[in-house]
Amino acid sequence: MKRSFKIGAVAAAAAIAFTGLASAQTKPTLEVVKARGAVACGVGPGTPGFSNPDDKGNWTGFDVDFCRAVAAAIFNDPKKVAFKPLTAKERFTALQSGEVDLLSRTTTWTAARDSAMNLAFVGVMYYDGQGFMVNKKLGVKSAKELNGAAVCVATGTTTELNLSDYFRSMNMTYKPVVFEKSDEINAAYQAGRCDVYTTDASSLYAQRLRMQKPEDHVILPEIISKEPLGPLVRQADWQWFTLNKWVYFALLNAEELGVTSANVDKMLADTKNPEIMRLLGRDKETDFGKPLGLTQDWVVRIIKGVGNYEEIYERNVGPKTPLKIARGVNNLWTKGGLQYAPPIR
Amino acid sequence: MPVDTALSAATPALRPPASETGLVGWMRKNLFSSVGNSILTVVCLFFLYRLVAGALDWAVFSAVFTGEDGSACRGEGKGACWPFVKAKFSQFIYGRYPEEMRWRVSLTFILALAGIIPLMIPAIPWKGFQAYYTLIVFPIIAYWLLTGVTVPVELPAAELADIRSKQSWWYRIYSDARPYIGLSLLSAAAVSVLLSFVARQILIPQTMRLLGGILFTMALPYLIEMLFVALDQGKILGLAATNPPPGPHNALPVVKTERWGGLLVTLVVASVGITCSYPVGIILALGRRSQMPIARWASVFFIETVRAVPLITILFMSSVMLPYFLPPGMEFDKLLRALVGVALFAGAYMAETIRGGLQAIPRGQFEAADALGLSYPKKMGLIVLPQALKLVIPGIVNSFVGLFKDTSLVLIIGLFDLLNIVQFNLTDAKWFAPQTAMTGYVFAAAFFWFFCFAISRYSQWLEKRLRTDHK
Amino acid sequence: MAVMDDGRPPAARRGASDDGLMSIFFRRETRQIIYQVAIVVTLVAFFWMIISNAAARRQGRAWNAEFLNSSAGFDISQTLIPYSAASSNWDAFMVGILNTIFVSAIAIVLATILGFVAGIARLSSNWLIAKVAAIYVEITRNIPLLLHLLIWYFGVIKNLPGIFKQSPTGDFLMVDGKRVPGSVELGGGILLNNRGLFLPKPEFLPGSRTALFALVFGIIASILVAMWARRRQLATGQQFPVLWTSLALILILPIGTFLVMGRPVQFEHPTVGRFNMSGGIELLPELAALLIGLVFYTGGYIAEIVRAGILGVSKGQKEAARAIGLTNGQALRLVVIPQALRIIIPPLTSNYLNVTKNSSLGIAIGYPDLVGVFTGTVLNQKSGHEIEIVLMTMAVYLTLSLLTSLFMNWFNKRMALVER
């Protein structure tokens with residue numbers, strides 16, 4: 001008798017435990033992050049310039065720095081990030097399931113991802129477009145000459161779909177050679193398994209660096225798609241979405257107002273410019289940080305931690321880095337680019 | 001054989017003709033016994049020569065043995081690029097485990113061998129103790145060693161009071177009592193083991209030893225913590241950090257599983273998989289043979305579904321979709337997810353192996369147990385399973401070989417096992433050469449081959465030994 | 001099986017504890033019901049948990065199959081049915097299934113041949129042959145299949161010459177500003193390079209129909225001959241060279257007709273285009289690597305099954321066959337193997353199923369099988385349908401497995417009848 005009761009009790013307890021777990025309410029992301037003491041950030045598993053771990057496991061890159069900026073805003077410490085390298089396949093489920101709080105992984109903003117997947121794009125951190133790379137010796141000058149070529153492409157990306165659209169619209173044929181990892185694609189391209197390597201132009205530059213003879217490969221002038229890359233969060237949490245959005249805008253506003261990690265302390269002490277005063281939280285009347293769930297000096301924290309947008313760009317992908325990508329459309333609107341942030345006021 | 005002694009005395013036996021003995025005779029008998037066989041032998045020899053000569057040329061004569069990077073291996077007709085393996089060898093073993101921490105992995109390997117080698121030699125006594133060490137004590141130690149240990153540290157009184165005021169009263173009492181709990185559990189374990197020898201007449205020795213084992217297992221985490229606190233504060237060995245950071249900190253720095261790799265991951269996945277598959281397999285096998293229809297259906301459904309689908313889909317399921325199925329906030333490490341998938345997969349196969357063993361137990365054993373009035377757990381645990389499991393030991397070792405090979409599939413979900421680390425390093429532009437890929441793969445293949453071949457040979461030997469035991 | 005667990009408490013014991021309501025808890029039936037209720041409750045709770053969690057994550061998005069009708073948008077390198085980027089995801093699913101079946105079917109046939117040869121060779125009286133077969137078996141079986149595939153694909157096939165001659169560092173060899181074709185010519189217009197094996201594509205002209213008729217006639221005639229010869233052998237004991245007659249009827253007759261008709265066939269030879277090969281039949285290197293890997297790996301397993309099967313036939317059978325004057329080959333072919341097949345076929349079938357499952361490893365080398373196309377690409381492109389996609393994939397493999405076990409049951413029954 002005893003035993004049967006025991007078993008019954010265990011089963012009932014298990015059922016109750018499952019029920020309890022299943023009906024647990026989702027806490028606001030910011031609270032979860034603060035309780036954890038770190039921002040869980042999904043990044044790419046190794047894209048030079050965007051997210052790359054060094055031998056010691058320190059992550060660097062353009063995407064990585066956005067995670068650090070968010071951590072700096074919350075914790076005043078850009079190191080409080082738990083980086084999770086994710087493959088293209090894992091990235092959305094990882095965000096949807098709450099495994100990461102933020103996905104900053106060269107992800108293209110599309111209608112389907114924004115709507116059907118219940119995810120929200122924070123902003124366009126980097127305006128990219130899909131390009132083609134070929135061996136110089138092929139003598140190809142334009143993507144329009146690529147009829148009949150074998151094209152290496154990563155599976156499960158928007159790149160794969162754009163590629164198909166482009167060749168169809170140009171009435172050309174091609175042979176797809178697909179792999180999941182950029183390492184495999186790079187190796188296959190170098191071995192001559194395909195004639196053309198296609199992906200976002202920024203990544204093409206990055207991949208070219210990893211080749212045996214980077215100077216032998218040329219990136220064709222055509223950009224066949226719009227690839228606005230940006231970080232994503234879950235749709236359900238407006239506070240977290242807004243926080244991330246304004247971290248991004250703060251990076252742009254700081255650049256526009258000339259606030260850098262080098263001069264932020266001086267600016268904080270000396271500036272008479274009311275815009276900068278508002279940005280750095282010296283305005284005694286309005287606290288822009290509090291409604292976001294942050295402190296008043298949130299921008300100061302960000303700039304001290306990672307610098308402004310320009311610093312992040314120049315440090316990771318700019319002309320002085322091995323990638324050597326010019327600012328181009330990613331320049332501020334005041335300098336002829338597309339990066340534009342609403343004011344802080 | 002009856003021998004005519006008179007005849008054999010009269011005419012001494014002739015030596016067999018030269019063509020029937022020695023090398024020539026052997027060759028005639030085994031290689032050139034007929035025209036067809038001779039042709040086969042010659043053709044086979046020809047191909048063998050080509051193959052062996054080609055392989056030797058690639059691996060030795062044309063191979064490159066020294067070099068700092070791939071430039072030495074580039075060029076027409078160059079064979080294997082061995083310096084690549086040499087340069088990357090430690091990565092193949094440890095993955096991206098921090099270099100100054102790699103002794104922890106090596107120590108784990110040594111501790112594992114210390115448990116497994118005696119366990120594999122039947123002549124060494126005290127199998128129960130060895131199994132206890134290998135299956136219970138070692139995994140706990142290995143877990144702490146590989147992931148790291150965080151210890152509480154003596155703080156200035158004010159800070160301590162501050163921290164304590166934030167803790168609930170029962171946690172405060174518990175954390176104060178930890179060393180004492182550990183020590184009392186340890187002494188209780190010692191007492192029960194001692195009693196198992198001294199008081200044989202009054203108490204059942206096996207039970208007391210089992211109790212001792214359980215108590216020691218419970219004491220182990222506390223003991224490890226105490227050891228590290230002592231190490232940390234320089235109370236033993238004098239290894240204290242010169243400037244210990246305030247607050248709880250890592251005595252053994254935490255190494256996230258993302259940084260594990262190479263042989264370490266391969267062995268962790270295979271051994272955890274096989275260990276966990278064992279209980280899962282026993283439960284499923286018993287369920288499948290149970291009289292309760294629901295238990296039977298559930299087991300059959302699980303076993304047949306898992307066995308019908310490829311391991312990759314199960315790994316996809318556990319790596320991509322597991323987070324979907326879990327309550328929010330419940331986090332699963334990528335390695336752990338793969339382990340869950342592998343354990344369930346191996347469990348289903350193990351269930352079938354064990355079911356084979358159960359079927360081989362004669363009906364009389366079940367009936368005898370029933371006649372003694374044993375309950376189901378006693379019947380199974382004391383009579384049936386011990387016999388059935390002994391019968392399937394070779395089968396289990398074979399499943400281990402299969403699982404060991406299958407661990408390489410975690411490459412597809414992006415875990416850095418041995419094969420994936422090899423593959424990853426092949427893209428290193430510094431080592432780019434035509435034969436680098438082949439060299440890396442041949443190294444991995446040689447490793448897997450050696451390991452699997454050794455185990456399967458051991459299994460065959462064990463099978464033979466167990467068979468003679470039975471007859 | 002039912003008897004073993006039938007551990008009803010002896011009647012006496014039940015009687016002793018039969019004192020009122022409490023006793024029902026000691027009865028086996030009651031306890032079993034309680035256990036089962038516990039199992040059901042746990043299972044229901046478990047499934048309810050995962051389903052409700054998954055539903056919560058989907059945040060109200062419906063579970064539907066509409067995504068199967070929307071266009072896939074990506075191309076696939078090998079398609080056995082008409083498919084383009086405009087086709088639906090369902091078509092992509094079918095392409096995946098067909099590619100899986102295609103590669104598995106070929107691999108099964110080739111691996112069976114290789115396995116039988118190696119298995120019989122292992123038992124050969126020729127020491128060298130037996131040893132070579134044993135080494136083959138031990139090497140292939142002890143290396144993971146994934147590694148086999150990677151070796152063949154990245155180690156061997158990728159090192160084949162490219163379409164154009166290249167230096168080890170990837171430079172094209174230029175002559176007069178043009179690249180030099182680098183494919184290996186295997187004769188008969190067959191070209192091999194790191195983009196695959198290119199065969200001439202036959203185009204049959206009208207006259208070839210006669211040859212086809214001749215082939216059909218040859219097959220029917222050889223079946224009739226075989227039946228007649230069998231009947232005659234049963235009646236008179238005289239044998240007829242069926243093999244040679246059939247070969248003549250099936251091979252020589254149609255080929256002769258074909259030649260008489262003036263070889264009514266044209267070959268479209270693969271040619272080197274600006275980038276790629278064009279024309280001819282293309283066999284992808286991914287397919288080749290997957291096939292070779294699967295065949296060598298599975299062949300090792302089948303060899304062991306065959307060996308165990310032949311060893312399982314009692315030695316007396318072979319000795320008896322030799323005693324009545326059959327040659328070694330005849331004894332093997334007519335006496336040993338038919339009996340060995342009864343032992344061989346069940347594990348062989350499960351190995352065939354393994355080949356089908358193992359073909360999913362093609363994803364590692366970019367072969368577009370079911371897992372690669374559907375659980376790989378479609379899953380990535382149609383995020384939000386992960387669960388449906390993985391379940392559909394599993395369902396396909398489950399179906400294949402069910403069909404196999406149905407076949408096994410049928411086969412076992414049939415064999416049981418034959419057994420006397």
Side-chain angles (χ1 to χ4, degrees), chain B residues 30-31 33 37 40-41 44-45 48 74-76 289-295 298 304-305 307-313 316-317 320-321 324-328 359 363 366 369-370 373 376 379 401 405-406 408-409 411-412 419 423 426 433-435 437-438 441-442 444-445 448-449 452-453 456, chain C residues 1-10 13 32 35-36 39-40 43 49-51 53-54 56-57 124-129 132 138-139 141-147 150-151 154-156 158-159 168-169 353 357-358 360-361 363-364 371 375 379 386-387 390 393-394 397-398 400-402 405:
Chain B
N30 290 307
L31 297 178
S33 61
N37 253 341
L40 272 179
T41 305
C44 192
L45 268 179
L48 210 58
R74 286 172 219 143
E76 286 296 317
R289 290 170 56 82
S290 159
Q291 280 214 302
M292 298 183 277
I294 291 177
E304 292 306 327
T305 312
R307 280 163 50 92
V309 299
L311 176 56
I312 296 192
T313 54
F316 274 154
M317 192 96 164
V320 180
M321 292 162 66
Y324 245 7
F325 295 142
L326 292 173
Q359 269 167 347
R363 189 182 292 175
F366 291 83
D370 284 338
Y376 180 82
K379 177 172 75 177
V401 174
K405 286 190 292 173
D406 282 343
S408 55
L409 264 65
L411 173 150
I412 293 168
L419 191 50
Q423 174 118 340
L426 296 180
Q435 292 300 329
M438 199 60 175
Y441 291 133
V442 165
F448 273 103
W449 182 84
C452 296
F453 184 73
S456 62
Chain C
M1 184 162 114
V3 181
M4 293 177 200
D5 291 349
D6 188 7
R8 284 165 175 275
R13 219 181 79 190
Q32 284 193 349
Y35 290 146
Q36 300 201 55
I39 293 173
V40 171
L43 285 181
M49 177 193 88
I50 63 173
I51 290 170
N53 277 324
R57 298 282 155 63
S124 161
S125 60
N126 186 323
W127 181 86
L128 189 67
I129 300 278
V132 167
E138 290 297 352
I139 287 184
R141 275 165 46 109
N142 285 318
I143 293 174
L145 174 61
L146 187 58
L147 194 46
L150 294 177
I151 288 177
F154 288 106
V156 176
K158 242 172 58 180
N159 278 345
T169 48
L353 202 60
K357 288 190 277 173
N358 284 337
S360 61
L361 292 188
I363 193 173
V371 169
T375 320
L379 185 140
E386 290 88 355
I387 298 176
V390 171
T393 312
M394 286 187 161
Y397 286 104
L398 260 176
L400 288 175
S401 160
L402 272 178
S405 43

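What's counted below: heavy atoms across the whole structure, side chains too, no hydrogens, waters or symmetry copies. Numbered from 1 within each chain, the chains take letters A, B, ... in sequence-line order.
- Using a 4.5 Å cut-off between heavy atoms, C/N159 touches chain B through its side chain atoms alone.
- The line from OH of B/Y441 to CG of C/L147 is 8.0 Å long, rounded to the nearest 0.5 Å.
- In plain terms, the two heavy atoms of C/Q36 and B/A295 that are nearest each other are OE1-N, 4.2 Å.
- B/F448 contributes atom CZ, which lies 8.5 Å from atom CG of C/L146 (distance to the nearest 0.5 angstrom).
- With a 4.5 angstrom heavy-atom cutoff, C/L150 touches chain B via backbone and side-chain atoms both.
- Here CD1 of B/I312 is found 4.5 Å from CG of C/L361. Values are rounded to the nearest 0.5 Å.
- Distance check, rounded to the nearest 0.5 Å: CH2 of B/W449 to CG of C/N142 gives 7.0 Å.
- Both the backbone and the side chain of C/S360 have a heavy atom closer than 4.5 Å to some heavy atom of chain B.
- Residue C/L400: no heavy atom, backbone or side chain, is found under 4.5 Å from chain B.
- At least one donor-acceptor pair closer than 3.5 Å links the side chain of B/K405 to the backbone N or O of C/R141.
- At a 4.5 Å heavy-atom cutoff, C/L145 makes no contact with chain B through either its backbone or its side chain.
- Chain C forms the most heavy-atom pairs under 4.5 Å with one residue out of B/L311, B/L48, B/L426, B/L40, and that residue is B/L40.
- Proximity of B/M321 to C/I387: side-chain heavy atoms (C-beta onward) are separated by under 4.5 Å at one or more points.
- Ranked by heavy-atom pairs under 4.5 Å with chain C, the first of B/D406, B/T313, B/V442 is B/T313.
- Most heavy-atom pairs under 4.5 Å with chain B, from the set C/T393, C/I363, C/L353: that is C/I363.
- To the nearest 0.5 Å, atom NZ of residue C/K158 and atom CE of residue B/M438 are 12.5 Å apart.
- Rounded to the nearest 0.5 angstrom, B/T41 OG1 and C/W127 CH2 are separated by 10.5 Å.
- At a 4.5 Å heavy-atom cutoff, the contact between B/A444 and chain C is made by backbone and side-chain atoms alike.
- The minimum heavy-atom distance between C/F154 and B/A437, with the atom names listed, is O-CB, 3.9 Å.
- The contact between B/L419 and chain C is made entirely by side chain atoms (from C-beta outward), counting heavy-atom distances below 4.5 Å.
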Check against side-chain contact (heavy atoms from CB on, under 4.5 Å), B/F316 and C/V371: CA-CA 10 Å; B/F316 274 154; C/V371 169; 3.7 Å; yes

